[in-house]
2 protein chains.
Amino acid sequence: MALIYSEKAAKMLLEKGIKPSPIRLKVLTFLLKNPTHPTADEIYQELQKEILTLSKTSVYNALSLFLRLNLVKSVNIDEKETRYDANIEEHGHFQCLSCKQIYDFFHVPRLEEKEELNDFMIKEKRYYYYGLCPECQQKEENNEKFNWNKNS
Amino acid sequence: MALIYSEKAAKMLLEKGIKPSPIRLKVLTFLLKNPTHPTADEIYQELQKEILTLSKTSVYNALSLFLRLNLVKSVNIDEKETRYDANIEEHGHFQCLSCKQIYDFFHVPRLEEKEELNDFMIKEKRYYYYGLCPECQQKEENNEKFNWNKNS
DNA sequence: TTCATTTTTGTAATGATTACAGTGATAGTA
DNA sequence: TACTATCACTGTAATCATTACAAAAATGAA
Ligand SMILES: [Mn+2]
Ligand SMILES: [Mn+2]
Ligand SMILES: [Zn+2]
Ligand SMILES: [Zn+2]
């Protein structure tokens with residue numbers, strides 16, 4: 001399984017005509033293996049366990065190269081830090097306002113923009129939704145029940 | 001006209017139960033008058049011309065208060081800095097990758113998310129599009145023509 | 001006035017990202 | 001093997017938007 005991902009990473013890099021250097025391979029493999037929209041720092045922290053001498057600049061270097069080559073996409077749903085996604089197919093992101101977790105959704109259909117954007121050349125569409133995930137809705141209900149008991 | 005906007009700003013603040021202090025009024029009036037999605041710094045630079053002692057912290061204070069009260073919305077289409085929008089009706093934003101200008105669009109209908117997000121409580125939807133505005137498409141065409149002439 | 005509360009200011013800290021210069025590895029060539 | 005050019009990688013410093021915090025100023029009721 002680990003082999004598959006790193007082989008896929010190597011192939012992706014070669015297809016774009018860039019050398020699959022050790023760090024590039026590690027970063028891209030990590031993104032393929034972890035479709036959880038990690039931040040640059042999360043990637044760095046994880047890979048540092050293996051590559052003791054890793055520098056954060058190298059992670060940023062790899063990531064901005066991948067972005068330029070359209071191997072990965074950046075996700076700016078969390079306004080603090082940029083996240084990275086090796087799934088480049090068009091899909092939307094939902095972030096839970098309570099637990100901050102990010103979920104993918106893939107039915108992002110026919111936005112019928114009508115005439116409004118007819119003269120604009122649209123190259124990329126991003127869908128960011130915010131709300132409460134099922135688990136956090138549950139928690140909130142329990143809290144309300146608890147508070148109601150206390151106040152009565 | 002200026003009067004109208006500042007009166008509207010005052011009313012909006014009073015309706016939310018907060019005091020329409022001078023700076024809050026100025027910031028909110030500015031946002032109502034300038035639906036161009038200004039950054040905190042742009043607001044600061046403009047208002048500073050009138051209020052010589054204005055501090056940037058005050059602008060941020062006002063803006064985060066407005067966000068909390070849902071008087072304005074933040075727009076994070078430009079990954080560098082947050083922009084602010086006094087138009088809180090649901091609408092999307094398009095940013096031109098060349099001239100960086102931001103355009104509103106309002107036909108953002110029925111995203112038919114199907115079952116996928118059924119169990120999620122969606123509180124806000126953001127639509128960020130990127131591409132080329134009509135003017136910049138034109139410029140690009142001209143450049144191509146120019147380069148073609150040069151190379152032939 | 002007095003005093004508490006709120007608003008505003010100024011400066012310092014934070015933290016993600018970028019700039020940059022130097023070091024190390026690699027590969028081709030003589 | 002030595003030389004050299006290019007590229008990958010590292011470490012540190014700079015940048016810059018935003019936030020934290022404490023002090024000063026304004027407000028407004030008693
Ligand atoms: Mn995703
Ligand atoms: Mn808008
Ligand atoms: Zn949640
Ligand atoms: Zn443009």
Side-chain angles (χ1 to χ4, degrees), chain A residues 6 9-10 12-14 16-30 37-69 71-85 100 102, chain B residues 9-10 13-14 16-30 37-69 71-85 100 102:
Chain A
S6 60
M12 288 170 68
L13 292 173
L14 289 172
K16 292 289 183 175
I18 66 168
K19 192 197 289 183
S21 75
I23 291 183
R24 287 174 188 156
L25 269 176
K26 291 281 188 188
V27 173
L28 188 50
T29 303
F30 183 87
H37 317 95
T39 65
D41 191 64
E42 284 166 356
I43 299 169
Y44 169 71
Q45 296 298 341
E46 278 308 308
L47 295 189
Q48 207 206 10
K49 294 175 184 168
E50 283 185 75
I51 314 166
L52 287 312
T53 61
L54 182 64
S55 84
K56 206 179 272 189
T57 304
S58 297
V59 175
Y60 277 109
N61 284 344
L63 289 172
S64 40
L65 180 64
F66 298 166
L67 284 177
R68 238 179 299 132
L69 300 175
L71 287 174
V72 310
K73 287 214 168 302
S74 63
V75 177
N76 292 308
I77 194 169
D78 187 317
E79 48 244 21
K80 297 252 154 271
E81 21 185 2
T82 300
R83 296 172 171 278
Y84 299 88
D85 194 345
K100 305 301 178 195
I102 294 171
Chain B
L13 293 172
L14 289 170
K16 292 289 183 175
I18 66 167
K19 191 199 289 185
S21 76
I23 291 184
R24 286 174 189 155
L25 268 176
K26 292 280 187 188
V27 173
L28 188 50
T29 304
F30 184 86
H37 318 95
T39 65
D41 190 65
E42 284 165 355
I43 299 169
Y44 169 73
Q45 296 298 341
E46 277 308 307
L47 296 188
Q48 207 205 12
K49 294 175 184 170
E50 283 185 74
I51 313 165
L52 286 313
T53 62
L54 182 64
S55 84
K56 205 178 272 190
T57 304
S58 298
V59 175
Y60 277 110
N61 283 344
L63 289 172
S64 42
L65 180 64
F66 299 166
L67 284 176
R68 239 180 298 132
L69 300 175
L71 287 174
V72 310
K73 288 215 169 301
S74 62
V75 176
N76 292 309
I77 194 169
D78 187 316
E79 46 244 24
K80 297 249 153 274
E81 22 187 1
T82 300
R83 296 172 171 278
Y84 298 88
D85 194 344
K100 305 300 178 196
I102 295 171

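Please read these numbers as outputs of a predicted model, since none were measured by experiment. Below, chains carry the letters A, B, ... as their sequence lines are ordered, and counting in each starts from 1.
- Residues B/T82 and B/V75 have side chains not in contact (no heavy-atom distance under 4.5 Å, counting atoms from C-beta outward).
- Of all nucleotides listed (D/dA8, D/dT10, D/dT27), D/dT10 comes nearest to the side chain of A/N61.
- A/T39 comes within 4.0 angstrom of no nucleic acid atom, judged by non-hydrogen atoms across all strands.
- Atoms NZ and CD1, on A/K26 and A/I51 in that order, are 5.5 Å from each other to the nearest 0.5 Å.
- Between the NZ atom of A/K56 and the CG atom of A/L47 there is a distance of 12.5 Å, given to the nearest 0.5 Å.
- When rounded to the nearest whole Å, the span between CD of A/E81 and P of D/dT18 equals 15 Å.
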TODO: Please step through side-chain contact (heavy atoms from CB on, under 4.5 Å) for the pair B/L13 and B/L71, ending with a clear verdict.
DONE: CA-CA 8 Å; B/L13 293 172; B/L71 287 174; 3.8 Å; yes
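- When the nearest nucleotides of DNA chain D are assigned to B/K80 and A/I23 by heavy-atom distance, the more 5′-ward of the two goes with A/I23.
- Going from atom CD of B/E79 over to atom P of D/dC16 covers 16 Å, rounded to whole Å.
- Residue B/T82 is in sugar-phosphate contact alone, with no base atom involved, counting any heavy-atom pair closer than 4.0 Å across all strands shown.
- In 5' to 3' order, the nucleotides of DNA chain C bounding all contacts with chain B (an atom under 4.0 Å from a heavy atom) are C/dT7 to C/dT11.
- More than 12 heavy atoms of other shown residues, nucleotides or ligands fall within 6.0 angstrom of atom NZ in B/K73.
- Between A/M12 atom CE and A/F66 atom CZ the span is 8.0 Å, to the nearest 0.5 Å.
- Counting heavy atoms from C-beta outward, A/N76 and B/N76 have side chains that stay 4.5 Å or more apart.
- Side-chain contact between A/D78 and A/T39: absent, with no pair of heavy atoms (C-beta onward) separated by less than 4.5 Å.
- Of all the residues in residues 40-58 of chain A, A/T57 reach under 4.0 Å from DNA chain C with at least one non-hydrogen atom.
- Residue B/R24 contributes atom CZ, which lies 16 Å from atom P of D/dA26 at whole-angstrom precision.
- Computed from coordinates, the B/L65 CG to D/dT19 C1' distance equals 16 Å when rounded to whole Å.
- Between the OH atom of A/Y60 and the C1' atom of D/dT15 there is a distance of 13 Å, rounded to whole Å.
- Taking all atoms of both residues into account, the shortest heavy-atom contact from A/A9 to A/T29 is CB-OG1, 3.5 Å.
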